[in-house]
Amino acid sequence: MNEHQVTPQAVGLIVTETMDEEAAALLRSVRSKGVRHVVAVVSEMDDSALMAAVESGVGGVVRRREATADRLVQVITSVHRGAGVVPPDLLGRLLKRVSLVQEQVLAPHGLRATGLTEREEGVLKLVAAGLDTREIARRLAYSERTVKNVLHDVTHRFQLRNRSHAVAYAIREGLI
């Protein structure tokens with residue numbers, strides 16, 4: 001793929017036997033070149049391969065045996081519009097895996113699937129509503145220092161410049 005041909009509307013299409021590390025690396029590479037949406041056509045897909053595809057930023061998965069021209073057009077169009085497309089049986093398995101990650105990895109550290117704690121989400125929502133540090137502290141019964149620390153933690157973790165950037169990022173990514 002020529003970098004000059006990549007447009008914001010581009011949808012990448014990866015065809016592979018299995019979603020192994022090489023295929024996942026190819027997915028990440030395509031996304032790093034500016035292709036926001038990628039569809040993977042895969043012959044074999046177990047739970048770990050599905051998670052590797054999701055972690056690599058795939059927007060749609062089609063089994064090779066189901067990859068008719070009509071099906072590919074349908075999936076590519078849906079992914080282009082921002083929808084995630086996964087075969088129903090894989091979706092059920094994916095939801096179970098995400099639930100386990102939430103339960104066993106994130107929750108013990110006070111995090112949710114968004115990557116934000118409940119406290120961080122609350123503070124960002126109030127910043128987005130236009131409240132200043134003092135008003136947020138009063139509303140949430142925190143000290144002003146706590147509010148500043150929460151905002152610092154979020155901006156540092158996500159490598160953001162300031163509170164405005166944090167709010168814009170959180171809204172754009174669907175975190176708040």
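- Side-chain contact between I136 and D132 is absent, with no heavy atoms from C-beta onward closer than 4.5 Å.
- Closest non-hydrogen pair, A128 versus I171, comes out as CB-CD1, 4.5 Å.
- Here the side chains of R157 and L116 are in contact, with some heavy-atom distance below 4.5 Å.
- With a 6.0 Å radius and a threshold of 12 heavy atoms from other residues, nucleotides or ligands, R64 has its CZ atom above the threshold.
- Although no hydrogens or angles enter the test, the distance criterion places a donor-acceptor pair under 3.5 Å between the side chain of S143 and the main chain of T146.
- Across all non-hydrogen atoms, the minimal contact from A23 to T16 is CB-OG1, 3.9 Å.
- Every ring-ring contact (aromatic ring centres under 6.0 Å, His included) that H152 has, sequence neighbours left out, goes to H156.
- Between E103 and K96 there is no salt bridge, since no side-chain N of the basic residue sits under 4.0 Å from a carboxylate O of the acidic one.
- Of the possible donor and acceptor atoms, one in the side chain of S56 sits under 3.5 Å from a partner among the backbone N and O of A52.
- Shortest non-hydrogen contact noted between H165 and Q159 is CE1-O, 4.5 Å.
- A pairwise comparison of heavy atoms in A67 and V41 identifies CB-CG1, 3.9 Å as the closest pair.
- In this structure, L124 and L151 have side chains that are in contact, with non-hydrogen atoms separated by less than 4.5 Å.
- For the residue pair S32 / S29, no side-chain donor-acceptor distance below 3.5 Å is found, with atom types taken as modelled.
- E121 contributes no side-chain N or O that, together with a main-chain N or O of E118, makes up a donor-acceptor pair within less than 3.5 Å.
- Other residues, nucleotides and ligands contribute at most 12 non-hydrogen atoms within 6.0 Å of the CZ atom of R134.
- Salt-bridge annotation for R93 and D89: present, with a side-chain N of the basic residue lying under 4.0 Å from a carboxylate O of the acidic one.
- Between A166 and T155 the shortest heavy-atom distance is CB-CG2, 3.9 Å.
- A 4.5 Å side-chain heavy-atom check between M19 and L50 finds every atom pair outside the cut-off.
- Of all heavy-atom pairs spanning V58 and V54, the tightest one is CG1-N, 3.8 Å.
- At least one donor-acceptor pair closer than 3.5 Å links the side chain of T77 to the backbone N or O of V73.
- A heavy-atom distance below 4.5 Å is not found between the side chains of V42 and R63.
- Among residues at least two apart or in separate chains, there is no ring-ring contact (aromatic ring centres under 6.0 Å, His included) pair with a member in residues 119-146.
- Inter-residue side-chain proximity for R119 and D153 is flagged as unmet; no heavy-atom pair is nearer than 4.5 Å.
- Side-chain atoms of E17 and S43 include a donor-acceptor pair closer than 3.5 Å.
- Here the OG1 atom belonging to T18 is positioned 9.0 Å from the CE atom belonging to M45, to the nearest 0.5 angstrom.
- Counting heavy atoms of neighbouring residues, nucleotides and ligands inside a 6.0 Å radius, atom CD of E66 exceeds 12 of them.
- Considering only residues two or more places apart in sequence or on other chains, E173 meets the side-chain contact (heavy atoms from CB on, under 4.5 Å) condition with Y169, L175.
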Passes side-chain contact (heavy atoms from CB on, under 4.5 Å), L72 versus T68? Steps please.
CA-CA 6 Å; L72 286 174; T68 64; over 6 Å; no
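- Residues D46 and S48 bring a donor and an acceptor atom of their side chains to less than 3.5 Å of each other.
- Atoms CD and CD1, from E120 and I176 in turn, are 12.0 Å apart once rounded to the nearest 0.5 Å.
- Taking OG1 from T133 and CG from L126, the interatomic distance works out to 11.0 Å, rounded to the nearest 0.5 Å.
- The closest side-chain heavy-atom distance from I14 to V39 is not below 4.5 Å.
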